[in-house]
Amino acid sequence: MSVQTNRNLVLMMLPVLIITCAFFLIPMGQLILVSVSGDDGAMNYWQALTNSRYLRSMLETLALSVVTTLTTLAIALVAGLFLARNRFAGKSLLVSLLTFPLAFPGVVVGFLVIMLGGRQGLSAELGLLLDGSRWTFAYSLAGLFVGYVYFSIPRVLLTVMSAVEKMDLMLEEAARSLGASRLRIVRDVILPALKPALIASGAICFATSMGAFGTAFALASGINVMPMTIYTEFTLGANIAMAAALSILLGLITWLVLLLARSVSGANSTPAA
């Protein structure tokens, strides 16, 4: 390889290297330094993993993210198959409505959940009408789950629809001609074909749920997910070192999931943004 070619490669990579250093390596390095500062030093990580409040927050965040991801995948799989393979009046409008949450920040999604399940929301009015009590779920993990699913469906749906459109229908026809049932076709043909897209988009859904802050902030009452815990440590507790340690742990778990998903699904499977 000539010197000129090497120089051109360096010049082409330079913008990427600058952006990586400016927006990832330097901030992450500073965050690590902050996490081991103070009297406790590296023990901040041990406290983050053993303190009951921090551990509970992490486990609740993990459980919520996993349930959100599985629910979103199930809904998006059914809806994506139907929308990709059927043409009907108003289909474009319906897809636009289903992907509309992409335009909403997390705080707006939280506000919509409050309008649905808050003390003055639709479910509360329905409860008053039926049994005289207010049915509320907005200010809990259930409300956060609804908000996360609503926020995540468009991302997974677009990926599933794109993958379904690229599937070879001849494989399904062959399976059907051999007497395979509809359930077996789904299990042995459709799901394997969509597996890379489902894993890739599911990983993005999981990562988004792990780090989502705006929706949790809007529904803050009674919610102790990790982004809220980090925010509380940083602002109210002024425990910057612990907030940094928790941020590193949260990012590390999310990164490992994304890395695993990429290795399983293949480098060519890219979920919709």
Side-chain angles (χ1 to χ4, degrees), residues 64-118 120-126 135 137-138 142-173 175-176 181-183 185-187 189-209 212 214-216 218-219 261 265 268-273:
L64 178 62
S65 299
V66 169
V67 174
T68 297
T69 301
L70 294 178
T71 304
T72 302
L73 287 174
I75 295 173
L77 176 61
V78 175
L81 283 168
F82 176 80
L83 291 172
R85 293 188 169 180
N86 292 276
R87 297 184 179 276
F88 52 89
K91 174 183 174 180
S92 298
L93 177 61
L94 178 59
V95 173
S96 298
L97 290 175
L98 289 174
T99 57
F100 194 56
L102 289 172
F104 290 154
V107 174
V108 174
V109 174
F111 177 71
L112 294 176
V113 174
I114 292 174
M115 296 297 293
L116 176 64
Q120 304 297 327
L122 179 63
S123 66
E125 296 297 327
L126 181 62
W135 298 348
F137 61 85
L144 198 56
F145 165 74
V146 172
Y148 281 4
V149 170
Y150 174 74
F151 189 72
S152 301
I153 284 177
R155 291 162 172 77
V156 181
L157 180 64
L158 292 176
T159 304
V160 171
M161 289 180 63
S162 177
V164 171
E165 291 171 354
K166 297 176 182 178
M167 286 179 58
D168 186 0
L169 295 180
M170 296 298 294
L171 295 176
E172 295 180 47
E173 292 295 334
R176 192 174 294 110
S181 64
R182 181 173 298 181
L183 179 61
I185 292 174
V186 171
R187 185 190 66 187
V189 179
I190 295 178
L191 288 181
L194 297 180
K195 180 181 175 181
L198 292 174
I199 293 176
S201 59
I204 296 298
C205 177
F206 176 85
T208 303
S209 300
T215 306
L219 307 173
S265 64
N268 294 326
S269 296
T270 304

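- Counting heavy atoms from C-beta outward, L191 and L198 have side chains that approach closer than 4.5 Å.
- A 4.5 Å side-chain heavy-atom check between L83 and L98 finds at least one atom pair inside the cut-off.
- With rounding to the nearest 0.5 Å, the separation of CG in L116 from CG in L126 is 10.5 Å.
- Judged purely by atom type and a 3.5 angstrom limit, T99 uses its side chain to pair as donor or acceptor with the backbone of S96.
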- Task: Before giving the answer on side-chain contact (heavy atoms from CB on, under 4.5 Å), spell out for V95 and L157 the whole-Å C-alpha distance, their side-chain angles and the decisive distance to 0.1 Å.
- Result: CA-CA 9 Å; V95 173; L157 180 64; 5.7 Å; no
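- The CD1 atom of I153 lies 9.0 Å from the OG1 atom of T71; values are rounded to the nearest 0.5 Å.
- Remark: R176 pairs with E173 by the salt bridge (charged side-chain N to carboxylate O under 4.0 Å, His left out) rule, at least two apart or across chains.
- Across all their heavy atoms, G147 and V113 have their closest contact at CA-CG2, 3.6 Å.
- In terms of modelled atom types and a separation under 3.5 Å, the side chain of T215 and the main chain of V109 share no donor-acceptor contact.
- Among all heavy-atom pairs drawn from G110 and A218, the shortest one is CA-CB, 3.9 Å.
- No more than 12 heavy atoms of other residues, nucleotides or ligands shown are found within 6.0 angstrom of CZ on F111.
- For F104, the ring-ring contact (aromatic ring centres under 6.0 Å, His included) partners at least two apart in sequence or on another chain are F100.
- Applying the ring-ring contact (aromatic ring centres under 6.0 Å, His included) definition to pairs two or more places apart or across chains, none involves residues 145-167.
- Of the inter-residue distances, the one linking L73 atom CG with L194 atom CG reads 11.0 Å to the nearest 0.5 angstrom.
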Which pairs would a plain distance check flag for residues 160-170, meaning a side-chain donor or acceptor within less than 3.5 Å of a matching protein atom at least two apart in sequence or in another chain?
from: D168; atom 1: OD1; to: M170; atom 2: N; distance (Å): 3.0

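- The side-chain hydrogen bond (donor to acceptor under 3.5 Å, both in side chains) contacts involving residues 74-92 comprise R85-E172, where partners must be two or more places apart or lie in separate chains.
- Expressed to the nearest 0.5 Å, how far OG1 of T72 lies from CD1 of I204 amounts to 13.0 Å.
- Within the structure, ring-ring contact (aromatic ring centres under 6.0 Å, His included) contacts touching residues 64-97 (residues at least two apart or in different chains) are F82-F88.
- Atoms SG and CZ, from C205 and R155 in turn, are 9.0 Å apart once rounded to the nearest 0.5 Å.
- Counting heavy atoms from C-beta on, the side chains of L158 and L102 come closer than 4.5 Å.
- I199 CD1 to T69 OG1: the interatomic distance, rounded to the nearest 0.5 Å, is 12.5 Å.
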